[in-house]
Undergrad: 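Take a look at this one; I'll ask things after.
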There are 2 protein chains.
Amino acid sequence: MAPRKHIIGGTAPLSVDSRQRRILDELQARGSCTYREFEKLLGVSSMTVRRDVDVLAKRDALIKTLGGAQYSNVPQFLYETALSERIAVNRAEKDIIADSALKLVQPQQTLYLDGSSTCIALARLLAKAQFALTVITNSAIIAMEVGVSPTAKVLCLGGDYDPQSASFVGVLAEEACVKFFVDTAFMSTKAFLPEEGMFESSIAALRIKQLMAQRSAKLVLLVDHSKFGQRSLCRVVAIEAIHTVVTDAKSPRAALEVLRKGGRQVVVAGGSEPEEPKAA
Amino acid sequence: MAPRKHIIGGTAPLSVDSRQRRILDELQARGSCTYREFEKLLGVSSMTVRRDVDVLAKRDALIKTLGGAQYSNVPQFLYETALSERIAVNRAEKDIIADSALKLVQPQQTLYLDGSSTCIALARLLAKAQFALTVITNSAIIAMEVGVSPTAKVLCLGGDYDPQSASFVGVLAEEACVKFFVDTAFMSTKAFLPEEGMFESSIAALRIKQLMAQRSAKLVLLVDHSKFGQRSLCRVVAIEAIHTVVTDAKSPRAALEVLRKGGRQVVVAGGSEPEEPKAA
DNA sequence: TCCCATTATGTTATAATTCTACATGATTTC
DNA sequence: GAAATCATGTAGAATTATAACATAATGGGA
């Protein structure tokens, strides 16, 4: 991952990063560009340009067109962070989980959503659903996603910005937390053990989760199957604090059984319950 | 040019117009589509779909991609608000103004940036400049933009989310304001009169501006020429509170003279100083 | 009503592009 | 200093796009 610096002589080739940045700069300035033009501009082969453009397209930083690329007005912050990749991982499962989570929401409720990618998926559905809701979050992205809904009121915790999750943590966020009390808090987690609870690697994020878990009437955990059976740095809450676990059909059945026996409500998204038929 | 209506029997082929409309509808709903999918969906040959897509692409209604087409307006994603349009208006001027504003920033400083589109432009430059800075803002977008810089610390005010500006206002934001004191506050404004000061139409946004103006050692106003000579609902601060005004070369000279005589520092971006030549 | 001009569509062949696999040189790591 | 990793380039295969032509359908006239 370390950037290569091969400064040889005469014309110093650009590093991968700066070359990709120049591609974006050029697109921003000109709107669109062909591969040929990029080859000349950057002094590399067609294949290298294509590979760069592929990387940037995967991050939605640009749009691939026929013989080249076109500027995308998706703001820069999204592709500079690892966030867009996190959103892309297991996207189908996350969407299905979010869909099931939506059914746990009633109009007029007050919700908390953390900054996880699964909650981002839920936020999109909430915005579409046009419920009258109050949504509290510490995620800048969720604030913006839900904010497009004219029927939802959005409140965001301030604080130190964490670029990894695009959310706010720290003293300011913690102070803001204690002013609220919500009906349902939706959270995801880095790792989850059915016998022990949910784990988090970032201490700052952990404290927000803990505070909001205490301040919610109902705590709903959204976890796709990849989270099961792992442990991480610190435990957020014990298993007893969790009211409902929403997961996908690929999760280990044994683990779900443990949860049910422990008294948790378990929702397997896309599993037994038939998906509602899409309104024709 | 007359649309053909060949309603024969059984399966009624769509007219050209309604077929193209369906292509756009499908793209708006799904984001992107392949030619194959369109063929099946519309029951026509590959070539017909391609011709339709060509027509629509010429109108910028969609973007042609490799095996299909993509919706052009970056759908389903972030702000469907007026924000992206606000950013686009007078973009060149805003970039130039931001460039000049950047020169007023020293490493190690603490800055405040409001949620204006000019400040968003500045935020991008700050992130690129890789200064060691602390940036306070009430804009979700600026938090994310500056947040990509590994050298900058970003603090965001929380509060009620305003989708028009993608920024936070209200009681929570006001409470957070009073905890800070910054070296320089950069703000823009809806309207600006050189004899009177800056104006704002939203009361909630106004209060944040007022509070942060009081809490900055230096207040820098970023205004493109279109803001001059207008008045709006409420005055944010009197002209005396403003230390520096950064504007573009199209601003009325008389107004700038008034400002200079009143003791303001006036920076005309892209004026006397030569732009750095673009690397060929 | 018939015929012709026009438009719309489908088919095929050809040209261009994109993707895949592999080979090479550079850089880092142990 | 050697192995592993990464970045890049080359060439051929697969896919896709374009162009040219053929056919079918419509709309006006005569």
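Note on naming: letters A, B, ... go to the chains in the order of the sequence lines (proteins, then strands), and numbering restarts at 1 for each one.
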Undergrad: Kindly say if B:Arg50 contacts the phosphate of C:dG10, meaning a side-chain N or O under 4.0 Å from OP1 or OP2.
TA: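 For B:Arg50, the contact criterion (side-chain N or O under 4.0 Å from OP1 or OP2 of C:dG10) is not met.
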
Undergrad: Please report the distance, rounded to the nearest Å, between CD in A:Glu39 and C1' in D:dG9.
TA: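 That distance rounds to 11 Å.
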
Undergrad: Does the side chain of B:Thr151 pick up a donor-acceptor pair with the side chain of B:Ser149 at under 3.5 Å?
TA: yes

Undergrad: Select from A:Tyr35 and B:Ser45 the residue whose nearest nucleotide in DNA chain C is closer to the 5' end of that strand.
TA: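 Of the two residues, B:Ser45 wins.
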
Undergrad: Counting the atoms with a prime plus P, OP1 and OP2 as sugar-phosphate, which does B:Thr65 contact under 4.0 Å by heavy atoms, base, sugar-phosphate, or nothing?
TA: sugar-phosphate

Undergrad: Side-chain N or O of A:Arg51 versus OP1/OP2 of D:dG9: is the shortest distance under 4.0 Å?
TA: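 For D:dG9, OP1/OP2 do not have a side-chain N/O of A:Arg51 under 4.0 Å.
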
Undergrad: Does the side chain of A:Ser18 come under 3.5 Å of the side chain of A:Arg22 through a donor N or O and an acceptor N or O?
TA: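 Result is no, nothing qualifies.
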
Undergrad: Whole-Å distance between D:dA19 C1' and B:Asp54 CG?
TA: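 Distance check: B:Asp54 CG to D:dA19 C1' gives 12 Å.
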
Undergrad: Reckon A:Thr48 has a side-chain N or O less than 4.0 Å from the OP1 or OP2 of D:dT8?
TA: no

Undergrad: Can you tell me how far CD1 of A:Ile120 sits from CZ of A:Arg124, rounded to the nearest 0.5 angstrom?
TA: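 With rounding to 0.5 Å, CZ (A:Arg124) is 7.0 Å from CD1 (A:Ile120).
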
Undergrad: Round to the nearest Å and state the distance from B:Lys64 atom NZ to D:dT15 atom P.
TA: 20 Å

Undergrad: Go through the steps for B:Lys94 and B:Ser117 under the test side chain to side chain donor-acceptor pair (under 3.5 Å), then give the verdict.
TA: CA-CA 8 Å; B:Lys94 286 170 183 165; B:Ser117 51; 3.0 Å; yes

Undergrad: D:dA20 P sits how many Å from B:Met47 CE, rounded?
TA: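 Those two atoms, CE and P, are 12 Å apart.
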
Undergrad: Quickly work out the A:Arg19 CZ to D:dG9 C1' distance and round it to whole Å.
TA: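 About 12 Å, once rounded to whole Å.
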
Undergrad: What is the separation between atom CG on A:Asp52 and atom P on C:dC19, rounded to the nearest whole Å?
TA: 14 Å

